[in-house]
Every structure is written in C-alpha cells, then in structure tokens.
Amino acid sequence: MFARRRLTLFAMTVAAAPLAVGACTAGPKSVTTKQAEAAPLSVAVTPADRTKDVPISAEVGTKVSNGKVTAVKLTDDKGNAVPAQPREDGSGWVPDRPLANSRTYTAEVTATGDSGKTATQKTTFTTMAKSTKPAVTSELYFRPNQTYGTAMPVVLGFDPPIPKEARADVQRRLFVKTDPPQPGTWSWVADGKQAEYRAPDRWKPGTTISVRSALQGLPIGKEAIGDSDRVASAKVGRQMTLDIDNETKQMTVYQDGKVLKKIPVSLGKESTPTSSGTMVIMEKHEHTTFDTRGEPNGGYVVDVDDAQRLTWGGEFIHSAPWSEGDQGSTNVSHGCTNVSATAADWLMGVTQVGDLVTVRGTEVKLDQGNGFTAWNVSWDEFAKGSALPVPAGLKPTQSATPHPGAVAGGSAPAPAPSRSNSGG
C-alpha cells in the first residue's frame, strides 16, 4: 500500500577550470605541467540551494569528480553546529540526530581536487513542517549496555510491514558498526515485518556492536514516515550453543566449543510439534504465564519458571517438573522444550540472549521470521534478502553447517509479529 517517494533535489555543481596556457608559435604547444593535466574538480551537493519542505531525515549528499571531500560544515539557523558522520561510501554526511521541523540549515562542502586545488559549495535548505502522515512503528530488539551471545542478530520489527519498494530507502538509514570490524548485511523477511543484520560468521567474543536506526521522519512510500531514531551499543560475550536432537531426546550444551552438559528433553507431541531449525534465545524470564485461550490447540493457563523464548509463536525452553518422567524418552509438550526444574535453573545461569539453539529431527520446520531466524538459512540465502547490494567479498570462513560447538568467527580470522505465550 505504499508507493516509493522520490524527493527531487537538484544538485549544484562547481568546477575548477583547468589552467589556460597561451603560445606565440605557429604550432600547438604540448601541456606538461601536473596542474594543466589534471581533470577539473567538480562538487555536487544536495539538498539544492533554497530547497524547501526537506524531510528531517535529510543528509548532506556529496558527489565529487576528480577529487575528494575534505570538510563538511552543517549549521542551523542560529549558527549552531550540527554534528554529522560520513557514509562509508563517501556519498553523504548523516546528521547525528534528526533535523528539527520548519528550520533552515546551511551546509558548506569543501573538496580538494587531484591537482591540489579546492572548491567549496554552500547550500541552504528548509525542513518541512511536522508531518501529519501516519508513522510506521519500529522496534529495535537490541538493547544498550547488554551482553549478548555470539549469534545475536540486530533485529528491527515494523508495523505495518515495509513494502518492497520502500525497503532500500529504509535500509540505507540502518547503521551497524562493530569493533573489531566484522562487516555484514541486513536481510528482510519476505513479509516486510522484520529486518535482521548479521555477519557471515558468528560474532567474535568481546566484540562491541553499535547500532543506529535513523528512521525518524523518513518518507516511507507516499503514505507514511518513520517513527523514531534509536541507538544502542552492546557487547558480545562467550559462545554458548544448545543442540537439541529429537531422535535422542537430548540437549547438548557447548561453551566455547566444549561440551558442558547433556540434558534430557521432552519436545512437542505429534499434534503440537516443536519446530526444527536454527534459532536464537530471544528473551529470558524467571517466571511467566503461558495463556493459550483462544489459540488453536490451546485453552490452558499455566505458570512456568525459567523460560527462554525461541520463537514469536510461543516456543520456549522451560522448567517442566510435570513431564520429568517423560524427558529423554517421550514428547508430550505443546511445542516447547521441556527440561527438569534443576536443568532449567542451571540453563538460566549459563545462557545469554543471543545464544544459538538448533533443534533437529521434528515434524515441522521453523518459519523464517518466527523469531530471530538470521541463522536459519545459509549466508548466500540470507544475503539475497538485502534490499541493497552486498559486497561480494563477504563470505563465511567456517563450514556452511559447522559442528554445533564450533567457535565463533570460524576457524579463521512494528512491533515484530504478534507474540504468543502459548508455551507448553
């Protein structure tokens, strides 16, 4: 229902003319000086001078021929400096915060040419009044000052979903930096309700991940705008992996590639099977209530302890003292992974949100987007979901199907969909 909106901004160009050389001879004189041989410098800047009704998500676009940008100065109509950061590809400078509505800004862009000459282009523009269009609600499932597992993707949920024709514009306003650098890409779930970011391999322990979702005021099609500007920075902890095998009814817990413990489990019975696939622990609750009234195969309310969410649809790992006699032999749950009260308490103490969980051998497969599913497909398949080009050099360094205890990083250097607390 959204159509792509293109803001028409006419670029202004300044050219530094090449040095003119005169001659009194009858024939042409070859030009050999470095300055004369250098191609002219040109600088194009957007928004164009005197443009009005510019979205508050605007950035200073720069396009330079035969040189590079050496300085950008952005100020508001009171003369205050507006901090901005350059894009990695050099195509523009992005203000650190959304611009204010109905304000005038001036940008001065200076470039230095290959010949050493400089040129400065100035542009003044005015932002639009506060929009009356509905805002797309976004939620960043990446909290500041947390420590996450090595499989934690950066996840954004959208309500209503982002249409295909608007996803590239939205994705260009999503920024992720990692230290040490581990570049990755965003990938969209088919229905547009969720976008996830990850690198080809799991994050290295100790990595810092900084995220900015700079969507406030961004035109999204003709009918909506972005709702908010969000930032978060978090750390990556040690690697923990949970491998659950339906055939053996056992969970194997790995830490940094070594087996810590094996735990008997009871998975979903035939009428309510557990999903097979590669998931990520999404959230943890010492106590919660599963309420399935009104849901298919539901109708019960039960309090549970030590519950760790794996899907939006309501699959958890949790304490189930009532099924301890079946754990390790028979599936009796409503889709969750049942473990003993002792095992559930131990797991809560060693796991983190962002730890990888793989379930094998059940009757149904995990639906993409039902949880944090960035690792449920190969890297090549994940990259196909990007609305922007993905650098060809980004490839996994480890096997496409690594051993569940493989060390992170390989062997070489809207709200989201409606949540269900069905459990079981």
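- Counting only heavy atoms from C-beta outward, the side chains of Lys269 and Thr330 never approach each other to under 4.5 Å.
- Taking the side chain as every heavy atom from C-beta outward, Trp312 and Phe372 approach each other to under 4.5 Å.
- The only option from Asp77, Thr104, Thr51 that meets the side-chain hydrogen bond (donor to acceptor under 3.5 Å, both in side chains) definition with Thr126 turns out to be Thr104.
- Using a 4.5 Å cut-off on side-chain heavy atoms (C-beta onward), Glu315 and Thr337 make no contact.
- Side-chain contact between Leu156 and Tyr197: absent, with no pair of heavy atoms (C-beta onward) separated by less than 4.5 Å.
- In this structure, Leu242 CG and Leu310 CG are separated by 8.5 Å, a value rounded to the nearest 0.5 Å.
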Could you please spell out the steps behind the salt bridge (charged side-chain N to carboxylate O under 4.0 Å, His left out) verdict for Asp355 and Arg238?
CA-CA 9 Å; Asp355 285 342; Arg238 79 292 168 278; 3.5 Å; yes
Thr106 vs Thr124, test: side-chain hydrogen bond (donor to acceptor under 3.5 Å, both in side chains). Steps then yes/no.
CA-CA 4 Å; Thr106 298; Thr124 298; 3.1 Å; yes
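- In this model, no donor atom of one side chain and acceptor atom of the other lie less than 3.5 Å apart for Gln327 and Ser340.
- Side chain to side chain, Thr147 and Lys235 fail the donor-acceptor criterion of an N or O pair below 3.5 Å.
- The shortest side-chain heavy-atom distance between Val43 and Thr62 does not fall under the 4.5 Å cut-off.
- The closest donor-acceptor contact from the side chain of Thr150 to the backbone of Val236 lies at 3.5 Å or more, if one exists at all.
- What you find for Glu196 and Pro153 is that their closest heavy atoms are OE2-CG, 4.3 Å.
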Dump the intermediate steps for side-chain hydrogen bond (donor to acceptor under 3.5 Å, both in side chains) on Ser138 and Asp227, then the final yes or no.
CA-CA 7 Å; Ser138 64; Asp227 67 335; 2.7 Å; yes
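- Summarising the geometry of Ala383 relative to Thr185, their closest heavy-atom pair is CA-CG2, 4.3 Å, with the distance given to 0.1 Å.
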List the steps, then state whether side-chain contact (heavy atoms from CB on, under 4.5 Å) holds for His287 with Asp303.
CA-CA 7 Å; His287 310 284; Asp303 295 329; over 6 Å; no
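- Contact annotation: the side chain of Phe290 approaches that of His318 to within less than 4.5 Å [non-hydrogen atoms, C-beta and beyond].
- Panel note: side chain Trp375, backbone Arg198; no donor-acceptor pair is recorded below 3.5 Å.
- Side-chain contact between Gln239 and Leu356 is absent, with no heavy atoms from C-beta onward closer than 4.5 Å.
- When every heavy atom of Pro183 is checked against every heavy atom of Ala199, the shortest pair comes out as O-CB, 3.5 Å.
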Report the C-alpha separation of Asp306 and Lys284 in whole Å, then their side-chain angles, then the decisive distance to 0.1 Å, and conclude whether the salt bridge (charged side-chain N to carboxylate O under 4.0 Å, His left out) test is met.
CA-CA 7 Å; Asp306 298 327; Lys284 300 171 60 170; over 6 Å; no
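- Looking only at side-chain heavy atoms (C-beta outward), Arg230 and Phe142 stay at 4.5 Å or farther from each other.
- If you check the side chains of Thr252 and Asp243, you find no donor sitting under 3.5 Å from an acceptor.
- Contact record, Ala214 with Asp229: CA-OD1, 3.0 Å, taken as the closest heavy-atom pair.
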Could you walk me through whether Val357 and Thr351 satisfy the side-chain contact (heavy atoms from CB on, under 4.5 Å) test, starting with their C-alpha distance in whole Å, then the side-chain angles of each, then the deciding distance to 0.1 Å, before giving a yes or no?
CA-CA 11 Å; Val357 179; Thr351 60; over 6 Å; no
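- Side-chain contact of Thr120 with Thr110: a donor-acceptor pair under 3.5 Å is present, judged by distance alone.
- No hydrogens or angles considered: nothing links the side chains of Thr362 and Asn246 as a donor-acceptor pair under 3.5 Å.
- We find that Asp49 and Lys122 are not joined by a salt bridge, their nearest charged nitrogen and carboxylate oxygen being 4.0 Å or further apart.
- Ser91 and Asp89 form a side-chain donor-acceptor contact under 3.5 Å, judged by distance and modelled atom types alone.
- In plain terms, the two heavy atoms of Thr127 and Ser102 that are nearest each other are OG1-N, 3.0 Å.
- The closest side-chain donor-acceptor pair between Asp326 and Ser266, if any, does not fall under 3.5 angstrom.
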Determine, stepwise, if the pair Asn338 / Ser323 fulfils side-chain hydrogen bond (donor to acceptor under 3.5 Å, both in side chains).
CA-CA 7 Å; Asn338 286 186; Ser323 72; 3.1 Å; yes
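- When all heavy atoms are compared, the tightest approach of Thr274 to Val364 is O-CG2, 3.5 Å.
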